[in-house]
Amino acid sequence: MNLKPLADRVIVRPLEAEEKTAGGIIIPDNAKEKPQKGEVIAVGEGKIADSGKKIDMSLKKGDKVLYGKYSGTEVTVDGEDLLIMRESDVLAVF
């Protein structure tokens with residue numbers, strides 16, 4: 001993949017939506033919610049503060065993250081759906 005995020009942005013591959021509920025009911029495709037979990041596949045170099053100092057990224061490639069339902073911008077690269085978002089849009093790492 002020849003896609004490199006700039007500044008404080010990350011590229012996230014969304015994890016697949018749940019196929020079944022906890023009770024075992026199969027969820028049809030049109031009723032599935034957007035996934036809110038994903039894997040970081042690329043990280044930018046970091047943000048430049050107003051003072052000119054570079055702020056390093058706290059995320060790294062391979063991190064599993066939780067993000068807001070409508071966070072990021074959806075892009076398709078080589079037939080794969082990905083999200084580009086700012087590091088601040090990531091809510092947690094698990």
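Here the structure is a predicted model, which is why all the values come from computation and not from measurement.
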Undergrad: Show the nearest heavy-atom pair for residues Ser71 and Leu83, with the distance to one decimal.
TA: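 Minimum heavy-atom contact is O-CD2, 4.0 Å.
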Undergrad: Looking at Phe94, is Lys37 sitting on its ring face, NZ or CZ under 6.0 Å from the six-membered ring centre and within 45 degrees of the normal?
TA: yes
Undergrad: May I ask whether Val93 and Val40 are part of the same hydrophobic cluster, defined by side-chain heavy atoms of I, L, V, M, F, W, Y residues being less than 4.5 angstrom apart, directly or through others?
TA: yes
Undergrad: In residues 85-92, what donor-acceptor pairs under 3.5 Å come from side-chain atoms, sequence neighbours left out?
TA:
from  : atom 1 : to    : atom 2 : distance (Å)
Arg86 : NH1    : Asp8  : OD1    : 2.6
Glu87 : OE2    : Ser58 : N      : 2.7
Glu87 : OE2    : Ser58 : OG     : 2.7
Glu87 : OE2    : Leu59 : N      : 3.1

Undergrad: Output all residues satisfying side chain to side chain donor-acceptor pair (under 3.5 Å) with Thr76, sequence neighbours left out; order by chain, then residue number.
TA: Asp81
Undergrad: Determine whether Leu82 and Val12 make a side-chain contact, defined as any pair of heavy atoms from C-beta on separated by less than 4.5 Å.
TA: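 Sidechains of Val12 and Leu82: no contact.
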Undergrad: Would you list the pairs meeting side chain to side chain donor-acceptor pair (under 3.5 Å) in which at least one residue belongs to residues 44-53, sequence neighbours left out?
TA: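 Qualifying pairs, neighbours excluded: none.
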Undergrad: Got more than 12 heavy atoms from elsewhere within 6.0 Å of NZ, Lys61?
TA: no
Undergrad: Considering only heavy atoms from C-beta outward, does the side chain of Asp63 approach that of Glu39 to under 4.5 Å?
TA: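 A side-chain contact is absent here, since even the closest heavy-atom pair is not under 4.5 Å.
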Undergrad: What's the verdict on side-chain contact (heavy atoms from CB on, under 4.5 Å) for Val10 and Met57, showing C-alpha distance, side-chain angles and the deciding distance?
TA: CA-CA 9 Å; Val10 295; Met57 301 285 282; 3.6 Å; yes
Undergrad: What closest approach, in Å, do Pro14 and Tyr67 show between heavy atoms, and which atom pair accounts for it?
TA: CB-OH, 3.5 Å
Undergrad: State, with a plain yes or no, whether a side-chain heavy atom of Ile11 is found less than 4.5 Å away from one of Pro5.
TA: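 Ile11 reaches Pro5 side chain to side chain.
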